[in-house]
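Below: the structure, in structure tokens.
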Number of protein chains: 2
Amino acid sequence: MQTALAAAQGCLGFAVRRSARAMAQYYDAALAPAGIKGTQFALLNAVFLLERPGMQSLAEALGMDRTTLTRNLRPLETQALLVLQAGADRRERHVVLTEAGLATLTAAQRLWEQAHGRLVHGLGADRSRRLLDDLRDLTALAKDV
Amino acid sequence: MQTALAAAQGCLGFAVRRSARAMAQYYDAALAPAGIKGTQFALLNAVFLLERPGMQSLAEALGMDRTTLTRNLRPLETQALLVLQAGADRRERHVVLTEAGLATLTAAQRLWEQAHGRLVHGLGADRSRRLLDDLRDLTALAKDV
DNA sequence: GACAAAAGAGTGCATATACACTCTTAACGT
DNA sequence: ACGTTAAGAGTGTATATGCACTCTTTTGTC
């Protein structure tokens, strides 16, 4: 199998990124009935859990660049799933879910659970947990060095 | 730590993608002296190993969409690190490294080894191998279902 | 209180990603 | 040989990603 190319050399970066492409397609397909993509689901979910977060803290929670977040919010704003509100400090912008956003999130959560379940079932619960741990440490390592 | 948000729910897709962002930044920085990015290194490396591959087989080897590959080749073509040649079958396009491309690849390989070594050292050799295995299976799972 | 420094956030540019669609050329069936 | 089908690859559009730079507002210093 040619797919083993760079993976044959054991490049963690390549392996993770290739897997990320597969994950994106997998979750995008699973969440399509809700009208959002995988990254957008993670975004809505974070906004819901953090309750009116600022851009900076939201970006950090998601582990993505602040400027990437700004642009990723755009299509969700267009769909009216969330709105940006100015804070008391007028430099700040807070992200708030709309009712439509909450409804979409709720629908997406059910779809996510099914999709997630299939992966965990296929990989095994222990191995899934272990993989999450390994990825967390790898990510931390890459940011340290 | 807020970073645990969606990861707290153990979403494999989110964890892999967040890790991919970190890997991209890590390897991009490490390879900067060679003038290329992480994805471009993987691409050059694959072209080198496959020897004059067609678009289809190269895309499959890298686990990325055929149309993504077309565009990812563009900046490397501009830098004259590779060229596209028509095949005997004139529908086909073969990718070939230039001398400059080979030189860049060689330089990048040394930088990659150092960067890779730091990650493997930090994570441990056994755990690194295990992580690669887990990612391979996860990727296969996502493509199956 | 005025001015410099710092914090919060957006833009310009470039790459990465892939689906739907189109174009060109080869293979095939009669 | 001709027309249909299939194969190989590129484009249009949209999202994802982040660095360098800029803009606005607040904080801090005197």
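In what follows, chains are A, B, ... by sequence order, proteins preceding strands, each numbered from 1. What you see is a predicted model, and the numbers here were worked out from it, not measured in a lab.
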Cluster link V96(B) to L43(B), ILVMFWY, side chain under 4.5 Å: no

Common cluster, V95(B)/L49(B), ILVMFWY with side-chain heavy-atom separation under 4.5 Å: yes

Among [options], which is the nearest nucleotide to the side chain of [X]?
| X | options | result |
| --- | --- | --- |
| R74(B) | dC19(D), dG10(C), dT11(D) | dT11(D) |
| E92(B) | dT17(D), dA18(C), dG8(D) | dG8(D) |
| K37(A) | dG10(D), dA26(C), dT15(D) | dT15(D) |
| T67(B) | dA9(C), dG18(D), dG10(D) | dG10(D) |
| Q56(A) | dT17(D), dT25(C), dA9(C) | dA9(C) |
| M64(B) | dG10(C), dA16(D), dA18(C) | dA18(C) |

Would you please confirm or rule out a distance under 4.0 Å between OP1 or OP2 of [N] and any side-chain N or O of [X]?
| X | N | answer |
| --- | --- | --- |
| T68(B) | dA18(C) | yes |
| R90(B) | dG8(D) | no |
| N72(A) | dT15(D) | no |
| T39(A) | dA16(D) | yes |
| T70(B) | dA9(D) | no |
| Q25(A) | dT17(C) | no |

Rounded distance (nearest 0.5 Å) linking atom NZ of K143(B) with atom CD of Q25(A):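 Here the rounded value is 7.0 Å.
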
CA sep, side-chain torsions, deciding dist, call: D65(A), R21(B), salt bridge (charged side-chain N to carboxylate O under 4.0 Å, His left out): CA-CA 9 Å; D65(A) 191 89; R21(B) 288 192 287 270; over 6 Å; no

dG10(C) base / R93(A) side chain donor-acceptor hit below 3.5 Å: no

5' precedence on DNA chain C between G54(A) and Q40(B) (nearest-nucleotide basis):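 Residue closer to the 5' terminus by nearest nucleotide: G54(A).
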
R91(A) or R71(B), whichever maps to the more 5' nucleotide of DNA chain C: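 Nearest-nucleotide comparison on DNA chain C picks R91(A).
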
Side chains of Q85(A) and R52(A) in contact at under 4.5 Å (non-hydrogen atoms):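 Heavy-atom side-chain distance check passes, below 4.5 Å.
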
Atom-to-atom span, CZ of R66(A) to C1' of dT22(D) - whole angstrom: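 Distance, rounded to whole Å: 11 Å.
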
Euclidean distance, atom CG of residue L58(B) to atom P of dT17(C) [Å, nearest integer]: 13 Å

Touch class at under 4.0 angstrom, heavy-atom based, for R17(B) against every strand present: sugar-phosphate

Short side-chain to backbone donor-acceptor contact, Q40(A) and K37(A), under 3.5 Å: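 A pair under 3.5 Å: yes.
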
Side-chain (T78(B)) to main-chain (R74(B)) donor-acceptor, under 3.5 angstrom: yes

Any side-chain donor near an acceptor of the partner, H116(B) and Q114(B), under 3.5 Å: no

Degree of bending in the helix from dG1(C)-dC30(D) to dT30(C)-dA1(D) once both end axes are built from five pairs, to 10°: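 Computed angle between terminal axes is 0°.
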
